[in-house]
2 protein chains.
Amino acid sequence: MAEMDGTYAYDKYAHEPFAVTADLAVLTILDGVLHVLLVERGQEPFKGHWALPGGFVQPDESAETAARRELAEETGLSDVSGLHLEQLRTYSEPGRDPRMRVVTVAFTALLPHPPPDSLRGDPHLASLEPHGGSDAAQARWVPYDKAGPLAFDHDRILADAQERVGAKLEYTCLATAFCPPEFTLGELQHVYEVVWGTALDRPNFRRKVLATPGFVAPVPGAARLTGGRGKPAALYRAGTATALHPPLLRPTPEGHPA
Amino acid sequence: MAEMDGTYAYDKYAHEPFAVTADLAVLTILDGVLHVLLVERGQEPFKGHWALPGGFVQPDESAETAARRELAEETGLSDVSGLHLEQLRTYSEPGRDPRMRVVTVAFTALLPHPPPDSLRGDPHLASLEPHGGSDAAQARWVPYDKAGPLAFDHDRILADAQERVGAKLEYTCLATAFCPPEFTLGELQHVYEVVWGTALDRPNFRRKVLATPGFVAPVPGAARLTGGRGKPAALYRAGTATALHPPLLRPTPEGHPA
DNA sequence: GCAAAAGTGTTTCGCTTACACCCATGG
DNA sequence: CCATGGGTGTAAGCGAAACACTTTTGC
């Protein structure tokens with residue numbers, strides 16, 4: 001493909017066009033288990049298969065904006081502006097989509113326990129309008145372990161998302177994104193245990209969190225009963241800090257050999 | 001944009017087309033200073049400005065493949081298959097490129113000291129063939145501190161790359177990618193010091209590296225004089241490990257308050 | 001009173017840090 | 001013999017892991 005004249009760079013149709021989509025791995029914790037938001041595809045290809053929600057990036061928006069818009073549309077959440085949304089990576093292998101060349105910018109989003117009027121149980125599809133690329137028949141929270149196999153290369157995207165979130169818990173304050181505005185330290189610890197799949201020592205976890213300035217801020221006087229029984233737990237809000245120094249390393253499955 | 005018939009999804013020209021490029025932040029250490037590979041743009045927009053190397057992703061290749069191809073073309077390196085190339089993130093804001101809608105998948109690459117026949121001094125442009133999007137007038141290694149301001153949003157991409165590499169040194173064995181096949185521990189330590197901008201304690205660095213299985217492997221009997229003077233240093237190769245447990249945390253500028 | 005969950009204290013151990021010291025080489 | 005860089009040793013101290021223990025609630 002040799003150089004042409006000065007108008008070369010302006011010929012928008014010189015190449016096979018690329019479509020760009022923003023797909024989302026939306027994670028939450030439901031009944032103590034990590035869940036992911038999936039949609040059932042309503043048309044070919046992969047009709048009837050489950051997939052990550054997402055859709056085409058429109059000409060006037062960034063991939064981030066598109067992801068946030070898709071998330072708002074497909075979950076019916078009213079305030080999607082404040083939640084944590086992070087770019088995961090971009091998947092660009094030819095042949096990902098049998099229809100045409102699709103480059104997908106994948107994002108992860110972390111939700112606290114979904115509100116009662118959310119997707120839980122019967123899908124909340126009233127606000128799920130069809131739009132370019134979004135051909136979902138229904139949307140549902142699915143336990144992470146039972147999520148495969150998904151359409152396209154979404155299994156890989158989902159696995160990458162889980163790995164990324166697990167790693168981010170170690171050195172960021174991200175875990176509070178899984179929690180409601182006010183939460184107990186037990187709930188926060190539960191986030192770590194669910195995502196990492198390991199049990200943590202409660203006293204040490206407490207100390208670590210409280211010793212990190214800006215991780216959590218106490219809500220004076222407030223308390224909540226968590227399991228029906230037991231001592232009411234003090235409530236905290238997410239702090240202002242974003243990094244976690246020193247990091248909260250997940251226990252190594254194998255101790256490093258001496 | 002309402003749903004159309006079944007052929008809707010197959011209409012490749014229904015939307016404004018997106019162009020997808022792969023841009024590279026190629027870092028190396030030259031004369032003890034972090035350098036980045038830049039090209040001078042040969043045409044508008046930003047003609048005469050410096051920019052990160054990169055170019056359009058072709059229809060039959062992934063962004064990763066395109067990045068590797070661009071790197072091989074623009075640096076003249078023969079064996080580009082083995083070096084570390086990592087996806088940084090994707091930049092998709094509208095208006096990034098005044099010509100058309102361009103989505104850029106950015107990568108970072110780490111090179112050991114470039115070979116003498118490389119770009120150092122006079123640019124090695126013999127193998128720099130023009131191709132779609134690559135309109136470089138010349139290519140050059142530029143000290144990281146003197147790299148701005150660049151064309152498009154490349155200042156931001158470069159800053160993101162530096163931040164990512166610095167963070168990755170903490171918990172991966174990535175530093176060896178900056179080193180030649182055989183290197184001394186002093187050279188490896190120098191990588192950390194240059195990227196982080198801090199001095200490290202040599203004995204402690206040694207212990208840390210050698211205590212991490214798979215980080216480096218000794219080359220039996222080999223030694224090299226580094227500065228002309230001093231004891232010849234033992235040589236090592238990069239090990240097989242990729243992660244660094246426990247991490248090698250960079251010293252915090254401010255000690256966390258008691 | 002008992003179970004369950006929150007919260008506190010304490011001991012031990014390992015790693016990091018900081019620094020002193022020896023080795024090998026060129027000028 | 002001195003400057004320079006490589007390499008070893010070691011004592012102090014911080015922080016994390018492990019676990020015993022107290023507190024507060026519902027049943």
Tell me every residue that passes side-chain contact (heavy atoms from CB on, under 4.5 Å) with [X], counting only those two or more places apart in sequence or in another chain.
X: A/R164; result: A/E86, A/L88, A/K168
X: A/P218; result: A/Y236
X: B/L249; result: A/P247, B/E170, B/P247

Just grab all the salt bridge (charged side-chain N to carboxylate O under 4.0 Å, His left out) pairs involving residues 188-202 of chain A, residues at least two apart or on different chains.
->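 Non-adjacent pairs meeting salt bridge (charged side-chain N to carboxylate O under 4.0 Å, His left out): zero.
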Please give, in whole Å, the distance from [N] [atom2] to [X] [atom1]?
X: A/H245; N: D/dC14; atom1: NE2; atom2: C1'; result: 17 Å
X: B/L248; N: C/dT17; atom1: CG; atom2: C1'; result: 13 Å
X: A/E170; N: D/dA16; atom1: CD; atom2: C1'; result: 15 Å
X: A/L249; N: C/dC15; atom1: CG; atom2: P; result: 13 Å
X: A/R250; N: D/dA17; atom1: CZ; atom2: C1'; result: 19 Å

Return the polar atom pairs (N/O with N/O) between nucleotides 23-27 of chain D and the protein under 3.5 Å, or none.
| unit_1 | atom_1 | unit_2 | atom_2 | d |
| --- | --- | --- | --- | --- |
| D/dT24 | O2 | A/K231 | N | 3.3 |
| D/dT25 | O2 | A/G230 | N | 3.3 |

Check: B/Y91/B/D23 side-chain N/O donor and acceptor closer than 3.5 Å =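 Absent: no donor and acceptor within the cut-off.
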Check side chain to side chain donor-acceptor pair (under 3.5 Å) between B/R237 and all other residues, then give those that pass, not counting sequence neighbours.
-> B/E182
Partner set under side chain to side chain donor-acceptor pair (under 3.5 Å) for A/R68, not counting sequence neighbours | none
For residues 207-218 of chain B, which residue pairs qualify under side-chain hydrogen bond (donor to acceptor under 3.5 Å, both in side chains), counting only residues two or more places apart or in two chains?
-> B/N204-B/R207
Residues in contact with DNA chain C, drawn from residues 195-210 of chain A - heavy-atom cutoff 4.0 Å |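 The answer is A/R202, A/P203, A/R206, A/R207.
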